[in-house]
Amino acid sequence: MNPPSLFSPLQIGPYQLKHRVVMAPLTRMRAARPSLAPRPLNAEYYAQRATPGGLLIAEASPVVATGFGNPGVPGVYTDAQVAGWREVVDAVHARGGLIFLQLWHVGRVSHSSFQPGGALPVAPSAVAIAPEFKAMTADGKVVDYETPRALETSEIPVMIESYRQGAKNALAAGFDGVEIHGANGYLIEQFLQSKSNIRTDQYGGSIENRVRFLIEVTEAVIGVWGANRVGVRLSPYGIANGSGEADPMPLYSHAITSLDKLGLAYLHFIEPRASGTGRADVDWKNVPSAMMLYRPLWSGVLISAGNFNGASAQSAVAEGHADAIAFGRFFISNPDLPRRLQRGYPLTPYNRATFYGGEERGYTDYPVHDELARA
Ligand SMILES: Cc1cc2nc3c(=O)[nH]c(=O)nc-3n(C[C@H](O)[C@H](O)[C@H](O)COP(=O)(O)O)c2cc1C
């Protein structure tokens, strides 16, 4: 049997992908304001990147109003947001594509200026992100992170309920599935890691306890979608937003083996060599490979992301290190990325200045290859 290729089909849950070039979740901060609902420009952007049988993972979307740390990010907790997302989903489906939504809560990676009533951000523990990282306020000032307010034990079921409601809203919007954002130093990762979780209740202390929130959120979301339409994203060895576990192996081994029992659609890694949030173009050397380390613990579909190009993606799939590869930055600047990779067309470089916020420039105005050739 031939080894799999980036362009051979892949079964993910009930869906048969026609290729394995996945669009990674990408925060672009271009939702309508003040509703924070997706708008026609967002639908156009996703539709441009849809391919028949190709999987897009829509940008991280807070499941509740306390889950924001950036302006212009779309939510998934109001009727207007669900209606906006439905337009996005319909546009992607019209092109034969599949689209999952990434469910988000930023936890302490926020500022009181984004919080309802100007309250402090909430987190597992009252531990601020170190001052070498800076927060941006809602009016654009760069400041130190505040010390968040630790969630009471009694508030944790309420937070899990927010994820369940976000999952229900995503279902109502017509998505094909959801991905739980457990990466990049946000709320779920804050629970996982000992640096940000010093709780003394059943959600802190031992590895089992720190993994509990991730598992309970995942089970709640599975209750809405069924396991085979739910993915989870993790970034072991990542350092985004002040995260980082001194010894990730025991923690992530336990998290991944626990998730593996749930029969999820997929597990999605951000490789440690890439900066988790893509804020800088780093390519760390001499760091572990998440897909290679943890693949033996995962029996399902594995997606990996982080500094891949066509050749490295192809070899990761052919060698069985991952089943599919998610592309972030190159999917921003190449709406027809799968086709370009398949045909070996050159890739358009991305413009970092237009990643976050703005209108169509750097968003819907990147050409497809044929347009370039004609120009
Ligand atoms: C502009 C931008 C926004 C991002 N937003 C998200 C996000 O919403 N959720 C997430 O899990 N990762 C996010 N990431 C990380 C990407 O999904 C991806 O893992 C990272 O860019 C590495 O892949 P790449 O080298 O192909 O760009 C973002 C990255 C960039 C550049």
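Model, not experiment: these values are computed from the prediction. Both ligands and their constituent atoms are indexed starting at 1 by order of listing.
- Looking at G328 next to ligand 1, an N or O pair under 3.5 Å apart turns up.
- In this structure L293 satisfies the side chain to side chain contact (heavy atoms under 4.5 Å, CB included) test together with Y237, M249, P288, sequence neighbours excluded.
- Atoms of ligand 1 found under 4.0 Å from any heavy atom of A24 (numbered from 1 in listed order, with element): 17 (O).
- Of all atoms in ligand 1, listed by their number and element, those nearer than 4.0 Å to a heavy atom of N307 are 24 (P), 25 (O).
- Taking the ring centre of Y363 as origin, the terminal cationic atom of R30 falls inside the region bounded by 6.0 Å and 45° from the ring axis.
- Note on ring orientation: taking the six-membered ring where Trp is involved, the planes of F100 and Y15 are perpendicular (angle over 60°, cut-offs 30° and 60°).
- The Q102 neighbourhood of ligand 1 comprises atoms 7 (C), 8 (O), 9 (N), 10 (C), 11 (O), with distances under 4.0 Å to a heavy atom of that residue.
- Aromatic ring pairs are classed by plane angle as parallel below 30°, tilted from 30° to 60° and perpendicular above 60°; the pair Y186 and W104 is perpendicular.
- Using a 4.0 Å heavy-atom cutoff, A183 is absent from the residues neighbouring ligand 1.
- Nearest heavy atom pair, residue A167 against residue W225, reads O-NE1, 3.0 Å.
- Polar contact check, P25 against ligand 1: a nitrogen or oxygen pair lies under 3.5 Å apart.
- Of the heavy atoms in Y356, only side-chain atoms (C-beta onward) come closer than 4.0 Å to ligand 1.
- Residues passing the side-chain hydrogen bond (donor to acceptor under 3.5 Å, both in side chains) test with S112 are E146, sequence neighbours excluded.
- Looking at ligand 1, you'll find an N or O of T27 within less than 3.5 Å of one of its N or O atoms.
- Between R233, E271, R352, it is R233 that holds the heavy atom closest to atom 19 (O) of ligand 1.
- Side-chain contact check for Q48 and T364: no donor-acceptor pair (N or O, by modelled atom type) lies under 3.5 Å.
- Here the shortest heavy-atom distance to atom 25 (O) of ligand 1, taken over R28, R329, E59, belongs to R329.
- Contact analysis leaves F331 out of contact with ligand 1, as no non-hydrogen atom separation drops below 4.0 angstrom.
- Residues E216 and R164 are not paired through a salt bridge, judged by the lack of any N-O separation under 4.0 Å between the basic side chain and the carboxylate.
- Close contacts of ligand 1 with F327, meaning ligand atoms under 4.0 Å from a residue heavy atom, involve 26 (O).
- Using cut-offs of 30° and 60° for the angle between ring planes, the H19 and F7 rings count as tilted.
- Of all atoms in ligand 1, listed by their number and element, those nearer than 4.0 Å to a heavy atom of N184 are 12 (N).
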